[in-house]
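Sequential numbering from 1 along the given sequence is applied to the chain's residues. The model shown is predicted, which means the values in this text are computed figures rather than measured ones.
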Amino acid sequence: MTRDLHQTATGVLLPWAGLDRQHGPWPEGVEVQVWDGLTPGSEPAGDVLARVGLWVMPYAVPDAVNLLPKLTGLRAVQSLSAGVEKLLPLMPAGVTLHNGRGLHDASTAEHALGLILAAQRDLPQWVADQGAGRWEPHFTRSLADARVTIVGYGSIGAALERRLLACEADVVRVARRARPEEGVHAVADLPALLPETDIVVLVLPENPHTVGMFGAEELAALPDGALVVNVGRGRTLDTGALLAETRSGRLRAALDVTDPEPLPAGHPLRHAPGVLLTPHVAGGSAAFRPRAERLIIEQVRRFAAGEPLHHIFPRD
Ligand SMILES: NC(=O)c1ccc[n+]([C@@H]2O[C@H](COP(=O)([O-])OP(=O)(O)OC[C@H]3O[C@@H](n4cnc5c(N)ncnc54)[C@H](O)[C@@H]3O)[C@@H](O)[C@H]2O)c1
Ligand SMILES: O=C(O)[C@H](O)COP(=O)(O)O
């Protein structure tokens, strides 16, 4: 049940100043305060914090959660991250959590496409050759006509699909539940789908059902030479099982997220053959800020009007 304070806490705490100058005045009756979460001692006074009903958390500032106990009138928290598995258990009773669904779609999909193209067209090899002064052309794999199975076909998966189709790939959609009218398969169909898959892209959230979901059995079902991409959460893919498959040279991988994260220096994944790594950067690009600002403006408007906020988490 959500807190019903009859709009007593009408304050809004935002991570950035100046949004009203760019996007027009705030709705009447809303008290807007700013806290970037970065400057020690810069938080508003206790009485001001107690009047905050909606908190838009600073992005990628993990310690910011320490403010929660001071927000005694809180009704809703807006995170600017899509993956909010660490925040969910910290929500006080009656406070709704809203995630940054959609904010990272273009950036993450673009990055996944970049990883796939790099792996299919041997870009790491060409860069190494350039450095070593080699000029040794060979034919590569392609994305065109490859079968790409997106596991966790949601907001980011759909954005990725649009990009893959432009590259003439053949896309297969997999989500938690089948939606036959939309051509979406259920996870239970994976055993039948994986042997026909050239590239599997994991875009799964981390939750009790998805941790370790893609393990030795799923990897073994992929054909020789298949590419495993992960841009969702590292713990959904079994690192040990993946290492066994890449060490043998049977599978390749391109990972933006890993388990553990960050990967310690000397971790075997760092130097595994056929593994391309990026340090959890898929969602972070110039595409993020303007989208986040538009979401904040809309959520504040809804909050002031007493309308439900977008992107409640979990969705069902
Ligand atoms: N690498 C990055 O920088 C980066 C950036 C943004 C998001 N992410 C991660 O990507 C995740 C997905 O984001 P989104 O906005 O597309 O989410 P979304 O909610 O729109 O889609 C998630 C999909 O996963 C599926 N799913 C959920 N539980 C499942 C289960 N048990 N089995 C099978 N499928 C299941 C859902 O059916 C849905 O299709 C986020 O939760 C976040 O962790 C990573
Ligand atoms: O989930 C996300 O939006 C991205 O992974 C970035 O969020 P994070 O900073 O929480 O990892």
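- The shortest distance between side-chain heavy atoms of Leu13 and Trp55 falls below 4.5 Å.
- Cluster annotation: Leu222 is connected to Leu190 through the hydrophobic network of ILVMFWY side chains, with a link wherever side-chain heavy atoms come within less than 4.5 Å.
- Other residues, nucleotides and ligands contribute over 12 non-hydrogen atoms within 6.0 Å of the CD atom of Glu181.
- Atoms CD1 and NE2, on Ile156 and His111 in that order, are 12.0 Å from each other to the nearest 0.5 Å.
- For the pair Arg289 and Trp16, the distance from NZ or CZ to the six-membered ring centre is under 6.0 Å and the angle to the ring normal is within 45 degrees.
- Looking at Glu261, its side chain does come within 3.5 Å of a backbone N or O of Thr258 through a donor-acceptor pair.
- Aromatic rings of His98 and Phe303 (six-membered ring for Trp) have centroids beyond the 6.0 Å cut-off, not under it.
- The environment of CD in Glu307 is crowded: more than 12 heavy-atom neighbours from other residues, nucleotides or ligands sit within 6.0 Å.
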Problem - Test side chain to side chain contact (heavy atoms under 4.5 Å, CB included) applied to Thr246 and Arg252, step by step - result: CA-CA 6 Å; Thr246 53; Arg252 302 168 298 134; 5.8 Å; no

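- Inter-residue side-chain proximity for Val32 and Leu14 is flagged as met; some heavy-atom pair is nearer than 4.5 Å.
- At most 12 non-hydrogen atoms from other residues, nucleotides or ligands lie less than 6.0 angstrom from CZ of Arg21.
- Within 6.0 Å of CZ on Arg163 lie more than 12 heavy atoms contributed by other residues, nucleotides or ligands.
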